J.: 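Pasting in a structure now, in structure tokens, and then I'll have a few things to ask.
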Amino acid sequence: MPGLYMLDYGAGNVRSLVNAINHLGFDITFVKEPSDIALADKLIFPGVGDFGFAMRALRSKGYAEPLKAYIASGKPFMGICVGMQTLFEGSSESDEPGLGVIPGKTIKFDNTTKAVPHMGWNHTQLLKKQPNGSAGQPVNYGIDEDKVYYFVHSYCARYSEENKDWVLATTQYGDEVFISSVQKGNVFATQFHPEKSGYAGINLLKSFITGTGLVDESTVVTKAPVKLDQDTFTRRIIACLDVRANDNGDLVVTKGDQYDVRETEGGNDVRNLGKPVELAKRYFEEGADEVTFLNITSFRNCPLGDTPMLEVLKRTSESVFVPLTIGGGIRDVTDPDGTVHPAFEVAGEYFRSGADKVSIGSDAVYCAENFIASGGKKTGTTAIETIAEAYGSQAVVISVDPRRVYVKDPKDTTHHTVKNSIPGPNGEQYCWYQCTVKGGREGRDLDVIQLVTACEQLGAGEILLNCMDRDGTNSGFELELIQSVRDAVKIPVIASSGAGRVEDFVEVFEKTGVEAALAAGIFHRKEVPLQSVKEFVKQSGVAVRPIDT
Ligand code: 1PR
């Protein structure tokens, strides 16, 4: 496709977008200097993270005026996420003015009624339609109301009298209706990420790349958005792959029982449940809404450039078009030659290799301990703060590895206790959840509520909540733990550890209200297929993403 250009101002992972375009059989050229923008016949402008960062980057690199001129020239333009938000006049996120192409400002979602960021798969309501059989570029660019698309953002633009002729689609999250796509003349943009929205998103990119990019406006019929009684947000089902080298040095997907990944019989080998890239691809095709890789031996030192997970991510992101998270080893790393790589540089390597989010385990515990010890002072130098600042909070997941510590009486400890349905060894009814580091090898004097609330204040965007007592047991999720964390933070929570039956997913969604549930063993061992989880959850009345082909 000659003339297809991408404007990347350095906001993180554009690899997935390039991969999606390559998957369609097209190449894309990067804008390297402001004068390149005018060379484009079609321009895609993706963005993630902070509105102010994006606008300052556009202005300091000299892109803002050529971009406005390109849009005014009438040549096809597509914006994605912050690339759509910058078209507005501004944002309550920053004092930096936007490009001012569309009237209105983006504002933050209300987090008193739902988790923020809005992270996950949601529907759209198309406000512009054409009669069947209209020729030329379809006004909806392939957006389908029956499909769902992947969103990740905390700020949104609202439909108004001033911008109504721009609004192609709206989406409802909780009680709020926001603009999820705009279109007018040569301009098309989405708040969601088509490159992360499975085949539904790939089709949309295809429509922009292969279409004329110019809609016959005389055929378009518009309407106002309708607010529904309940939102159209779906709960995510995540497949998790714990990865490490086995004793022969091969990288394998493994799975522990309460974090012990070695066979109990035979040679005490590391359990081998498959190859990381192949399994990730299988789960994508089976309908996983996200795939998470955890490098579980990350506490061993390895030069950053040799980290095997970088290659795994590069290869996976070529054919898996849902969000990818990588955990394990996200911290300051010192190479054997003494070179120090700060955590945000380590994270940057992963984002450039295809990750959308990084998950921080041990280092988050140390950050939280220091934060609490200092009386809640932010230093601006922790892994959580530096990665969130550069790539946005939505890219920072905290992976928690807690285990139960039983107490006779909640007064026996200063930690947050919960009443547990499983009594302790001496009949204790209460426990607190102790945070661990180094893959559960070391317990700390920090409870899970202290950890998650500190990490939220430091800027984390999501919690991946494991439970060592449940891991690999197939006995169901640890509901008391999950409920206490869901109640303690306003960011999304992923329930993990213990899934054994399709009913466990419904139970965790209905009883705790978490945004996502993750499982590993049952999927790897093919005991419970991913499709059957989705079908059962849907039949039970909890919205999930339909399997998309
Ligand atoms: O501390 O930032 O380097 O991160 C290390 C990461 O590796 C952490 O996210 C930690 O959870 C993970 N990890 C370390 N050791 C193990 C182990 O198993 N020996 N895996 C480990 C943790 C837990 C899950 C698992 C769920 C679901 N695995 O993520 O996939 O419990 O399992 P199930 O459905 O089979 O019950 P850092």
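Everything numeric here is computed off the predicted structure, so don't read it as measured data. Ligands are counted one by one from 1 in listed order, and the atoms in each one are counted from 1 as well. Values reported hereafter were calculated over all heavy atoms of this structure, with side chains retained and with hydrogens, waters and symmetry mates removed.
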J.: Taking the six-membered ring for Trp and the full ring for Phe, Tyr or His, determine whether the centres of Tyr199 and Phe284 are under 6.0 Å apart.
T.: yes
J.: For Gly327, is the nearest heavy atom under 4.0 Å from an atom of ligand 1?
T.: no
J.: When the ring centroid of Phe109 is compared with that of Tyr173, is the distance short of 6.0 Å?
T.: yes
J.: Within a radius of less than 6.0 Å around CD of Glu507, do more than 12 heavy atoms belonging to other residues, nucleotides or ligands occur?
T.: yes
J.: So for Leu294, does at least one of its heavy atoms come nearer than 4.0 angstrom to any atom of ligand 1?
T.: yes
J.: Return yes when Gly440 approaches ligand 1 closer than 4.0 angstrom through a heavy atom, no otherwise.
T.: no
J.: Could you say whether the N/O atoms of Ala519 and ligand 1 ever approach to under 3.5 Å?
T.: no
J.: Which residue, His118, Gln394, Lys108, forms the side chain to side chain donor-acceptor pair (under 3.5 Å) with His153?
T.: His118
J.: Please report whether the ring centroid of Phe51 lies less than 6.0 Å from that of Tyr155.
T.: no
J.: If you measure every N/O of Lys438 against every N/O of ligand 1, is any gap under 3.5 Å?
T.: no
J.: Without swapping roles, check the side chain of Asp335 against the backbone of Asp337 for a donor-acceptor pair under 3.5 Å.
T.: no
J.: Between Lys255 and ligand 1, which part of the residue brings a heavy atom under 4.0 Å of the ligand: side chain, backbone, both or neither?
T.: side chain
J.: For the 3.5 Å polar cut-off, considering only N or O atoms, please tell me whether Ser399 and ligand 1 meet it.
T.: yes
J.: Is it the case that ligand 1 has an N or O less than 3.5 angstrom from some N or O of Tyr259?
T.: yes
J.: Please work out which of Cys240, Ala495, Gly328, Ser475 has its closest non-hydrogen atom nearest to atom 5 (C) of ligand 1.
T.: Gly328
J.: Against heavy atoms of Asp401, which atoms of ligand 1 measure under 4.0 Å?
T.: 8 (C), 10 (C), 11 (O)
J.: Relative to the heavy atoms of Gly329, which atoms of ligand 1 are at a distance of less than 4.0 Å?
T.: 2 (O), 3 (O), 37 (P)
J.: Consider every N or O of Asp260 and every N or O of ligand 1, then say whether any pair is closer than 3.5 Å.
T.: no
J.: Go through the side-chain N and O atoms of Tyr433 and Glu478 and say whether any donor and acceptor fall under 3.5 Å apart.
T.: yes
J.: Under 3.5 Å, is there a donor on one side chain and an acceptor on the other for Ser317 and Asn19?
T.: yes
J.: Polar-atom distance check: Asn466 versus ligand 1, any N or O pair below 3.5 Å?
T.: yes
J.: Show me which atoms of ligand 1 lie under 4.0 Å from any heavy atom of Gly498.
T.: 36 (O)
J.: For side chain to side chain contact (heavy atoms under 4.5 Å, CB included), just list the numbers for Val253 and Lys275, CA-CA rounded to whole Å, side-chain angles, deciding distance to a tenth of an Å, and then say yes or no.
T.: CA-CA 6 Å; Val253 174; Lys275 294 184 180 163; over 6 Å; no
J.: Give a yes or no on whether the ring-centroid distance for Phe192 and Tyr150 is below 6.0 angstrom.
T.: no
J.: Return yes when Ser362 approaches ligand 1 closer than 4.0 angstrom through a heavy atom, no otherwise.
T.: yes
J.: Where the closest heavy atom to atom 15 (N) of ligand 1 is concerned, which of Gly521, Gly439, Ala520 has it?
T.: Gly439
J.: Please find out if less than 6.0 Å separates the ring center of Phe477 from that of Phe505.
T.: yes
J.: Going by side-chain contact (heavy atoms from CB on, under 4.5 Å), Ser353 matches just one of Leu313, Thr307, Thr316, Ile326. Which one?
T.: Leu313
J.: Taking N or O atoms only and a 3.5 Å limit, does Asp363 qualify as a polar contact for ligand 1?
T.: no
J.: Do any N/O atoms on Leu518 end up under 3.5 angstrom from N/O atoms on ligand 1?
T.: no
J.: Using a 4.0 Å heavy-atom cut-off, say whether Ser496 meets ligand 1 through its side chain, its backbone, both or neither.
T.: side chain
